[in-house]
Amino acid sequence: MTLPILGPISLSGFAHAWWFLFLFVVAALAVLYVVVQRARQQRILRFANMELLESVAPKQPTRWRHVPAILLVVSLLLFTVAMAGPTHDVRIPRNRAVVMLVIDVSQSMRATDVAPSRLAAAQEAAKQFADQLTPGINLGLIAYAGTATVLVQPTTNRDATKNALDKLQLADRTATGEGIFTALQAIATVGAVIGGGDEPPPARIVLMSDGKETVPSNPDNPKGAYTAARTAKDQGVPISTVSFGTPYGYVEINDQRQPVPVDDETLKKIAQLSGGDAFNAANLEQLKAVFTSLQQQIGYETIKGDASLGWLRLGALVLALAALAGLMINRRLPS
């Protein structure tokens with residue numbers, strides 16, 4: 001929760017939790033207050049003539065007179081939370097990440113079940129993704145069919161990626177594993193030259209395909225898609241797969257209608273093996289929504305931010321209320 005004046009007062013952890021030992025002091029003060037109040041009451045009862053006291057003494061607000069002390073204790077609790085270094089989750093743009101777009105350009109991408117065609121829809125959605133991606137992220141592009149080609153090395157120049165997307169050409173066969181291995185090589189190359197940290201920059205592969213791998217026929221072969229996904233997992237590079245199309249897609253080959261149904265299961269397993277996420281889309285709008293979601297995941301990272309200021313301000317406010325209540329109710333500051 002965030003209040004306009006107080007700031008964030010949410011919690012997701014504590015940087016100096018040992019400060020909570022101060023709560024024993026707060027508890028001791030509360031016990032001391034109760035003991036003092038009871039001792040004072042005993043002294044009054046012991047030495048006062050009750051009939052005379054009731055006739056001359058005004059009615060005391062017995063319950064309300066404890067409000068200042070209660071507020072004082074609450075303020076001490078709030079200050080203790082502040083000293084413990086509360087944190088809250090903060091999303092900040094990534095500046096060192098590498099994202100490789102790997103796009104299937106096999107003949108099945110000619111299918112028009114995703115209008116105007118699977119490939120055209122992928123091009124439009126990928127360009128939107130490039131525009132929305134955090135400016136500091138290095139974005140690269142790979143197209144694959146029977147072989148994989150790096151069209152754009154990872155760069156912050158979005159125009160280079162969008163221009164290359166416009167020039168994609170269809171080709172025969174589908175070597176998904178080779179596309180992934182090529183992306184991993186591009187990530188390793190750029191990671192060796194990007195500075196700004198002791199570790200390689202975080203990386204992600206976004207694989208766009210209608211799913212069916214044809215080269216090799218077994219995805220568990222050394223160059224197969226599943227083997228590549230396991231390698232990506234070992235290198236700490238999750239793969240987000242985007243499958244688009246319907247079970248009813250087809251292409252015309254030699255005047256013959258050839259079914260090319262979308263293969264969601266293959267892409268889901270690639271994502272699972274790599275530690276990534278799988279998405280699917282049956283039309284252009286769904287595809288754009290998928291890429292918007294990916295941009296939010298990839299373009300930002302969540303870190304722990306300091307949230308102590310809000311608790312300090314809240315504690316100061318309660319402390320001021322304790323002083324005001326003491327002056328108004330007991331005609332003195334709380335003690």
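Predicted, not measured: the structure shown is a model, and the values here were computed from it.
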Side-chain contact test, heavy atoms from C-beta onward, threshold under 4.5 Å: evaluate it for Leu72 versus Leu319 and give yes or no.
yes
Keeping the roles fixed (side chain from Thr227, backbone from Asn221), state whether a donor-acceptor pair exists under 3.5 Å.
yes
Going from CG on Leu267 to CG on Asp104, what distance comes out if it is rounded to the nearest 0.5 angstrom?
9.0 Å
Separation of Asp264 CG from Thr241 OG1 (nearest 0.5 Å):
8.5 Å
Below 4.5 Å, heavy atoms only, C-beta onward: do Val99 and Phe129 meet side chain to side chain?
yes
Heavy-atom closest pair (Leu165 atom, Ile103 atom, distance to 0.1 Å) is CD2-CD1, 3.4 Å
Please answer whether the main-chain N or O of Tyr248 pairs with a side-chain N or O of Thr246 as donor and acceptor at a distance below 3.5 Å.
yes
Working for side-chain contact (heavy atoms from CB on, under 4.5 Å), residues Val34 and Val36
CA-CA 6 Å; Val34 173; Val36 169; over 6 Å; no
side-chain contact (heavy atoms from CB on, under 4.5 Å) assessment of Thr266 paired with Tyr226:
CA-CA 9 Å; Thr266 295; Tyr226 295 166; 4.1 Å; yes
Sidechain-backbone polar pair: Gln295 side chain, Gln132 backbone, donor-acceptor under 3.5 Å:
yes
Anything under 3.5 Å between a donor and an acceptor, one on a side chain of residues 272-291, the other on a protein residue two or more places apart or in another chain? List them.
| unit_1 | atom_1 | unit_2 | atom_2 | d |
| --- | --- | --- | --- | --- |
| Ser274 | OG | Ile239 | N | 3.0 |
| Ser274 | OG | Ile270 | O | 3.2 |
| Ser274 | OG | Ala271 | O | 3.0 |
| Ser274 | OG | Gly276 | N | 3.4 |
| Asn283 | OD1 | Glu285 | N | 3.2 |
| Asn283 | OD1 | Gln286 | N | 2.8 |
| Gln286 | OE1 | Ala282 | N | 2.8 |
| Lys288 | NZ | Glu124 | OE2 | 3.0 |

Atom pair CD1 (Ile205) and CD1 (Ile180), whose distance is rounded to the nearest 0.5 Å
6.5 Å
What are the two closest heavy atoms between Val262 and Ser243, and how far apart are they?
CG2-CB, 4.2 Å
Any chance CZ of Phe20 has more than 12 other-residue heavy atoms, nucleotides or ligands included, within less than 6.0 Å?
yes
List the residues meeting salt bridge (charged side-chain N to carboxylate O under 4.0 Å, His left out) with Asp113, not counting sequence neighbours, and say none if there are none.
Arg118
Going only through I, L, V, M, F, W and Y residues with side-chain contacts under 4.5 Å, is there a path from Ile253 to Leu170?
no
Contacts of Phe22 meeting ring pair (Phe, Tyr, Trp, His ring centres under 6.0 Å) (sequence neighbours excluded), chain-then-number -> none
Atom pair CD (Gln123) and NZ (Lys162), whose distance is rounded to the nearest 0.5 Å
14.0 Å
Do other residues, nucleotides or ligands put more than 12 heavy atoms under 6.0 Å from Glu252 CD?
yes
Contacts of type ring pair (Phe, Tyr, Trp, His ring centres under 6.0 Å), residue Tyr144, not counting sequence neighbours:
none
Quick one: pull up OG in Ser106 and NZ in Lys212 and give me the separation to the nearest 0.5 Å.
12.0 Å
For Arg173, give me all partners under salt bridge (charged side-chain N to carboxylate O under 4.0 Å, His left out), at least two apart in sequence or on another chain.
none
Atom of Thr161, atom of Leu141 and distance for their closest heavy-atom approach
O-CD2, 4.0 Å
So, Glu213 side chain and Ala225 main chain: donor-acceptor pair closer than 3.5 Å or not?
yes
Could you give the distance from OG (Ser308) to CZ (Phe79), rounded to the nearest 0.5 Å?
12.0 Å
Could you go through the side-chain contact (heavy atoms from CB on, under 4.5 Å) check for Asp210 and Asp263 one step at a time?
CA-CA 6 Å; Asp210 52 12; Asp263 185 1; over 6 Å; no
Could you tell me if Gln107 and Asp172 have a donor-acceptor pair between their side chains, going purely by distance under 3.5 Å?
yes
Side-chain heavy atoms under 4.5 angstrom apart, residues restricted to Ile, Leu, Val, Met, Phe, Trp, Tyr: same cluster for Val114 and Val260?
no
Under 4.5 Å between any side-chain heavy atoms of Leu101 and Met208, yes or no?
yes
Validation: residues 148-157 side-chain donor-acceptor distances under 3.5 Å, sequence neighbours left out:
| unit_1 | atom_1 | unit_2 | atom_2 | d |
| --- | --- | --- | --- | --- |
| Thr155 | OG1 | Asn157 | N | 3.1 |
| Asn157 | OD1 | Asp159 | N | 3.1 |
| Asn157 | OD1 | Ala160 | N | 3.4 |

Using modelled atom types only, decide if a donor and an acceptor are shared between the side chain of Ser117 and the backbone of Ala120 within a distance under 3.5 Å.
yes
Can you confirm whether Val105 sits close enough to Arg110 that some side-chain heavy atom of one is under 4.5 Å from a side-chain heavy atom of the other?
no
Please evaluate residues Gln128 and Thr292 with respect to the criterion side-chain contact (heavy atoms from CB on, under 4.5 Å), reporting the C-alpha separation (whole Å), side-chain torsions for both, the decisive distance (0.1 Å), and the verdict.
CA-CA 8 Å; Gln128 175 180 299; Thr292 298; 3.6 Å; yes
